[in-house]
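The block underneath contains the structure these notes are about, expressed in structure tokens.
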Amino acid sequence: MSTGPDVKATVGDISSDGNLNVAQEECSRKGFCSVRHGLALILQLCNFSIYTQQMNLSIAIPAMVNNTAPPSQPNASTERPSTDSQGYWNETLKEFKAMAPAYDWSPEIQGIILSSLNYGSFLAPIPSGYVAGIFGAKYVDCSPGWSLPIRAMIKSLPLWAILVSYFCEYWLFYTIMAYTPTYISSVLQANLRDSGILSALPFVVGCICIILGGLLADFLLSRKILRLITIRKLFTAIGVLFPSVILVSLPWVRSSHSMTMTFLVLSSAISSFCESGALVNFLDIAPRYTGFLKGLLQVFAHIAGAISPTAAGFFISQDSEFGWRNVFLLSAAVNISGLVFYLIFGRADVQDWAKEQTFTHL
């Protein structure tokens with residue numbers, strides 16, 4: 001509750017016209033306890049919950065897959081002679097270990113299961129983004145006569161450049177997120193606990209680098225060191241080329257655990273530069289339709305997430321040794337293809353179909 005002096009101080013800050021809402025808005029914009037920061041925190045917690053659910057299955061699958069011989073029958077240990085005490089004890093340990101269920105899933109089946117997390121994810125973003133664009137995010141990002149120029153969007157190469165870039169970059173992202181625990185567990189022979197900790201390390205570093213990359217992009221733009229389109233394309237190129245080279249090199253350093261983890265962390269850290277590149281470029285070309293476009297872009301991202309783990313599982317099932325190499329080569333090829341398309345057709349100016357229509361009355 002507010003005390004008397006607090007109320008007086010607040011009232012004193014309000015202008016003579018008695019507009020309390022303006023004063024409240026001014027107060028809400030100050031400090032780290034503002035509405036914007038609170039909303040950002042809530043959205044971050046939502047993202048944390050979503051990606052935690054997706055990552056849980058990736059970490060659990062190495063423990064769920066049956067890599068040992070079928071357990072013996074529960075009554076088999078009781079039939080052993082009493083003189084073979086050591087064998088009896090070994091059988092007892094096996095019975096306790098057999099309490100955890102194990103599944104005979106091939107790598108191909110594992111890929112389909114990991115892809116299934118994204119099967120239903122691309123149904124909601126487009127209608128929710130459309131509704132948010134009409135009514136505003138407060139009532140679900142509103143102007144009368146708001147409509148979507150669908151035909152102009154379909155013909156817009158800058159928009160397609162962002163869509164293709166989203167698909168290609170999230171292809172690599174979902175491959176890494178789905179298979180990092182499996183790679184660490186199978187190739188590095190890490191136990192389940194260490195696999196979970198090591199799998200989280202690249203993403204923790206990536207989250208920090210996303211913030212640093214955004215600050216760097218804002219610095220270059222505010223000081224007019226680089227143009228906006230140059231920043232978008234430069235950051236995208238850095239976030240695609242270097243991680244692709246690093247991931248392709250992973251199979252050749254798998255004998256060294258430290259080098260493998262260093263490569264994974266570097267790949268995640270540098271790929272975060274794309275967040276300040278092509279992944280936010282839709283805000284530049286069509287600020288009026290950000291709600292709808294964000295939903296559309298999420299659809300392309302989830303489509304990539306529904307395909308890439310299945311493709312990775314297919315390659316791994318064909319050859320356990322060279323399968324990982326093929327997975328990384330395919331991811332790098334897809335990622336670089338999207339980069340080339342974006343560098344050619346990407347733009348950072350507001351498109352004609354996204355501008356407000358003005359009418360002149362004579």
Side-chain angles (χ1 to χ4, degrees), residues 31-64 113-126 128-129 132 137-138 140-141 166 169-185 190 192-215 217-218 239 243 261 264-280 282-283 290-291 293-306 308-309:
F32 286 98
C33 297
S34 64
V35 175
R36 292 180 62 188
H37 287 91
L39 181 60
L41 177 61
I42 294 174
L43 293 176
Q44 178 63 24
L45 293 176
C46 292
N47 287 330
F48 175 80
S49 176
I50 293 172
Y51 285 110
T52 297
Q53 296 177 45
Q54 293 183 341
M55 198 69 184
N56 280 344
L57 184 58
S58 302
I59 296 175
I61 273 187
M64 297 168 65
I113 293 174
L114 292 171
S115 293
S116 64
L117 295 171
N118 293 280
Y119 286 167
S121 300
F122 49 80
L123 298 179
I126 287 184
S128 61
K138 181 179 179 181
V140 182
D141 297 337
Y166 250 79
E169 290 171 22
Y170 272 93
W171 178 289
L172 177 62
F173 172 78
Y174 279 111
T175 300
I176 296 299
M177 187 175 70
Y179 278 98
T180 294
T182 303
Y183 186 82
I184 293 176
S185 177
L192 185 61
R193 183 193 63 183
D194 294 341
S195 176
I197 296 174
L198 295 176
S199 299
L201 185 58
F203 298 100
V204 172
V205 176
C207 289
I208 298 174
C209 291
I210 287 176
I211 300 175
L212 298 178
L215 294 175
D218 289 341
M261 288 309 306
L264 287 174
V265 170
L266 285 176
S267 172
S268 180
I270 301 176
S271 63
S272 65
F273 276 73
C274 293
E275 297 289 342
S276 302
L279 300 186
V280 295
F282 69 98
L283 298 172
T290 53
L293 291 182
K294 182 60 179 178
L296 181 62
L297 293 169
Q298 286 298 113
V299 169
F300 275 71
H302 288 304
I303 291 175
S308 57

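Please read these numbers as outputs of a predicted model, since none were measured by experiment.
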Closest heavy-atom pair and its distance - Asn118, Gly305 = ND2-O, 3.2 Å
Which of parallel (below 30°), tilted (30 to 60°) and perpendicular (above 60°) describes Phe173 and Phe203?
-> perpendicular
Would a 4.5 Å heavy-atom cut-off, applied to side chains only, mark Ser268 and Val205 as touching?
-> no
Quick one: pull up OG in Ser276 and CG in Asp218 and give me the separation to the nearest 0.5 Å.
-> 7.5 Å
Check whether any side-chain heavy atom of Met55 sits under 4.5 Å from a side-chain heavy atom of Pro181, and report yes or no.
-> yes
Those residues at least two apart in sequence (or on a different chain) that pass side chain to side chain donor-acceptor pair (under 3.5 Å) with Thr180 are none
The reported gap from SG in Cys274 to CG in Leu172 (rounded to nearest 0.5 angstrom) is 9.0 Å
Evaluation steps, side chain to side chain contact (heavy atoms under 4.5 Å, CB included), between His302 and Tyr170 = CA-CA 8 Å; His302 288 304; Tyr170 272 93; over 6 Å; no
Closest non-hydrogen contact found for Pro243 with Ser271 is CG-N, 3.6 Å
Evaluate whether atom CD1 of Ile211 has more than 12 neighbouring non-hydrogen atoms of other residues, nucleotides or ligands under 6.0 angstrom away.
-> no
Search all heavy atoms of Met261 against all heavy atoms of Leu198 and return the closest pair with its distance.
-> CE-O, 3.3 Å
Heavy-atom pair of closest approach, residues Ser58 and Thr182 | O-OG1, 4.3 Å
Side chain to side chain donor-acceptor pair (under 3.5 Å) with Tyr166: which residues, sequence neighbours excluded?
-> Lys294
Rounding to 0.5 Å, atoms CZ (Phe273) and SG (Cys209) come to a distance of 7.0 Å
For Gly196, does its backbone N or O pair with a side-chain atom of Ser199 as donor and acceptor, under 3.5 Å?
-> no
So, for Ile184 and Ser195, which heavy atoms are closest and what is the spacing to 0.1 Å?
-> CG2-CA, 4.1 Å
With Tyr183 via ring pair (Phe, Tyr, Trp, His ring centres under 6.0 Å) - residues at least two apart | Trp324, Phe328
With sequence neighbours left out, what residues match Ser49 under side chain to side chain donor-acceptor pair (under 3.5 Å)?
-> Gln53
With sequence neighbours left out, what residues match Leu266 under side-chain contact (heavy atoms from CB on, under 4.5 Å)?
-> Ile246, Thr262
Under the side chain to side chain donor-acceptor pair (under 3.5 Å) test, residues paired with Asn56 that sit two or more places apart | none
Would you indicate whether the side-chain heavy atoms of Tyr179 and Leu114 approach each other to under 4.5 Å?
-> yes
Residue pair Phe282 / Thr290: nearest heavy atoms and the distance that separates them = CE1-O, 3.9 Å
In Å, rounded to the nearest 0.5 Å, how long is the span from CG of Leu45 to CG of Leu43?
-> 9.0 Å
Supply the atom-to-atom distance Leu39 CG to Gln44 CD, rounded to the nearest 0.5 angstrom.
-> 12.0 Å
Just by distance, do the side chain of Ser267 and the backbone of Leu264 share a donor-acceptor pair under 3.5 Å?
-> no
